[in-house]
Visitor: 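Take this structure first; my questions come after.
Remember, it's 1-based here, ligands and their atoms both numbered in the order they're listed. Model, not experiment: these values are computed from the prediction. Values below: all heavy atoms of this structure, side chains included; hydrogens, waters and symmetry mates excluded.
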Amino acid sequence: MTSDPHIQVAREGAVQSIRFDRADKKNAITRSMYAAMTSALHEAEADDAMRAHLFLGQPGVFSSGNDVQDFMAFAMSGEMGTEVLEFLHTLARLTKPVVSAVDGLAIGIGTTIHMHCDLTFATPRSLFKTPFVDLALVPEAGSSLLAPASMSHQRAFAMLAMGEDFSAQDAVDAGLIYKLVEESDLEAKAMAAASALAEKPPVALSIAKRLMKAAPDTLIERIDEEATHFATQLKSDEAKAAFMQFMARKKG
Ligand code: COA
C-alpha cells in the first residue's frame, strides 16, 4: 500500500476509515496524500471483508483543500502529476458506500469530496467553501456536474463560482450534506452509519448506489474536462498571483 504520514488508514469491523492528519497545515492535501488515499480506497474496494468507506478529519478542520504549495509547483513546472486525477477517478468509481464526518473547515476538495459521499455528517460550526474562481481556478472533482444537479444552478453557482461560505446548516439546506450532529457525537454517529451500511446486503447496496448516482463514465468525462481547464488556469498569471498572495500573507 502507498502510505503517507498525513493519511491515517484504519479498519474497524467492515469499515475502512481514511483520516486527514496534517492539522498544522489545516489538512491541506499533497500529491503524496492523494496517492495514499487512492491506494487505500483500491484496497478496500478489492477486499470483500470491507463494506464501507469513511472519511475523517481533525477537530476543527476537515481539510483546507489542495496544498497551495503544490498548486504553485504545478504552476511553475507545468506538470500536474497524476495523483489528483487518479484519486478523483477512484472516488467516482467507488462501489461501496462512502460516509464522511466534518468538523470545521472544509475548503476546495474538502467540500467537493462530499459530493461523492453517500452520507455526510457535520458539526454546526463547520464551514464549506470552494474559492476556485478567486484563485483563478475552475470547479473540480466533477463538482460542476454534481453540484447543480443536487442543489440547483443558483446555489451551485454561489458556492462554486462566487466562492460563498456555506454554513453547515446552509449545506444541509442545499442538500450537499445529510445531517448536523454535535461535535462530541460526530465520529461515533458517522461510524455507526458506516457500520450499519456495512451490514446491508452488499450487492443490493452497491446496485442502489449506482442507480442513484451519475454514471461513473459521465462523471469521469466531466472530471477530465474540468482538469483540462484547471491545468491551463493553474499556469495562468492570474492564478500564480493568487497563490503568491496566499503565501505572502503567511510571511507577513
Ligand atoms: N495549502 C497549503 N498550506 C495551507 C493550506 C493549503 N490549502 N491551508 C492552510 N495552510 C497552511 C498555512 O500556510 C499555515 O502554514 P504555516 O503555519 O506554515 O504558515 C497553516 O496551514 C495554518 O494556516 P493559517 O492560514 O495560518 O490558518 P487560518 O486558521 O488563519 O486559516 C484557512 C485557515 C484554511 C482559512 C487558510 O489557511 C486558507 O485560506 N487556506 C487556503 C485554502 C485554499 O485556498 N485551498 C485551496 C482550495 S482550491
Side-chain angles (χ1 to χ4, degrees), residues 4-7 19-37 55 57-77 80-81 83-85 87-88 91 100 102-116 122-123 125-147 156-168 170-171 176 183 222-223 225-236 238-252:
D4 181 284
H6 302 302
I7 293 293
R19 183 187 295 280
F20 297 112
D21 189 10
R22 198 186 179 209
D24 60 326
K25 296 289 182 185
K26 305 285 176 186
N27 289 343
I29 310 173
T30 60
R31 292 170 68 167
S32 161
M33 290 165 72
Y34 283 112
M37 290 194 288
F55 283 105
Q58 299 291 334
V61 61
F62 180 75
S63 172
S64 63
N66 202 103
D67 190 290
V68 175
Q69 303 265 15
D70 275 5
F71 274 163
M72 193 60 173
F74 292 151
M76 301 317 282
S77 68
M80 273 285 285
E83 294 87 349
V84 179
L85 261 189
F87 172 71
L88 296 178
L91 205 53
S100 54
V102 178
D103 177 40
L105 291 171
I107 302 182
I109 192 157
T111 283
T112 55
I113 194 172
H114 307 295
M115 297 174 191
H116 296 267
T123 61
R125 67 175 177 176
S126 298
L127 179 79
F128 297 83
K129 184 180 176 70
T130 60
F132 298 124
V133 173
D134 290 327
L135 291 170
L137 300 173
V138 300
E140 41 69 305
S143 58
S144 65
L145 185 70
L146 296 172
F157 195 86
M159 171 171 272
L160 297 175
M162 274 287 279
E164 291 272 277
D165 288 358
F166 275 50
S167 68
D170 291 337
L176 173 68
E183 281 154 56
R222 177 59 66 94
I223 288 170
E225 187 184 351
E226 292 169 345
T228 302
H229 291 294
F230 204 97
T232 305
Q233 280 302 116
L234 264 176
K235 289 179 265 176
S236 68
E238 55 185 13
K240 283 181 199 154
F243 307 147
M244 292 296 282
Q245 193 180 4
F246 174 71
M247 291 192 285
R249 176 180 79 94
K250 303 322 298 166
K251 290 188 198 111

Visitor: Is it true that a side-chain atom of S100 and a backbone atom of H114 form a donor plus acceptor pair closer than 3.5 Å?
Guide: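 Answer holds: no.
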Visitor: Report, in ascending order of atom number, the atoms of ligand 1 lying under 4.0 Å from any heavy atom of A28.
Guide: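 Listed by number with element, the hits are 1 (N), 2 (C), 5 (C), 6 (C), 7 (N).
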Visitor: So is T130 close enough to ligand 1, meaning a heavy atom under 4.0 angstrom away?
Guide: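 For ligand 1, residue contact (heavy atoms, under 4.0 Å) with T130 is absent.
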Visitor: Nearest 0.5 Å, what's the CD1-CD distance between I29 and E83?
Guide: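 One finds 13.0 Å between CD1 of I29 and CD of E83.
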Visitor: Specify side chain, backbone, both or neither for V61, according to which of its non-hydrogen atoms lie closer than 4.0 Å to ligand 1.
Guide: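 No part of V61 is near ligand 1 at this cut-off.
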Visitor: N/O to N/O below 3.5 Å, does that happen between Q69 and ligand 1?
Guide: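 Between Q69 and ligand 1 (N or O atoms, distance only) the closest approach is not under 3.5 Å.
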Visitor: What atoms of ligand 1 come within less than 4.0 Å of a heavy atom belonging to D24?
Guide: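 Checking each atom against D24, I get 20 (C), 21 (O), 22 (C).
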Visitor: Between CG of L91 and CD1 of I223, what distance do you get to the nearest 0.5 Å?
Guide: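 Here the rounded value is 7.5 Å.
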Visitor: For N27, what residues pass the side chain to side chain donor-acceptor pair (under 3.5 Å) criterion, not counting sequence neighbours?
Guide: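 Per chain and number, N27 pairs via side chain to side chain donor-acceptor pair (under 3.5 Å) with no residue.
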Visitor: Record the part of L105 in heavy-atom contact with ligand 1 below 4.0 Å; permitted values are side chain, backbone, both and neither.
Guide: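 The answer is the side chain.
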Visitor: Pairs of nitrogen or oxygen atoms closer than 3.5 Å, one from V68 and one from ligand 1: do any exist?
Guide: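 Between V68 and ligand 1, an N or O pair is found under 3.5 Å apart.
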Visitor: Would D67 and T30 count as having a side-chain donor-acceptor pair, cut-off 3.5 Å?
Guide: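 Side chains of D67 and T30: no pair found under 3.5 Å.
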Visitor: Check if M247 has a non-hydrogen atom at a distance under 4.0 Å from any atom of ligand 1.
Guide: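 The answer is no: ligand 1 sits nowhere under 4.0 Å from a heavy atom of M247.
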Visitor: Heavy atoms only: give me the nearest A141-T112 pair and the separation to one decimal.
Guide: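 Smallest interatomic distance, heavy atoms only, reads CB-OG1, 3.7 Å.
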Visitor: Please state which option from S64, G108, G65 has its nearest heavy atom closest to atom 45 (N) of ligand 1.
Guide: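 It is S64 that holds the nearest heavy atom.
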Visitor: Would you check if the distance from the ring center of F62 to the ring center of F128 is below 6.0 Å?
Guide: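 Ring centroids of F62 and F128 are no less than 6.0 Å from each other.
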Visitor: Can you name the atoms of ligand 1, numbered from 1 with element, that are less than 4.0 Å from a heavy atom of F132?
Guide: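 Matching atoms, with element in brackets: 48 (S).
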Visitor: On a heavy-atom basis, I'd like to know which of R22, K25, E140, K129 is closest to atom 10 (N) of ligand 1.
Guide: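 Residue with the shortest heavy-atom distance to the ligand atom: K25.
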Visitor: Is the ring pair F230/F71 parallel, tilted or perpendicular, if the boundaries are 30 and 60 degrees?
Guide: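 Ring orientation of F230 relative to F71: tilted.
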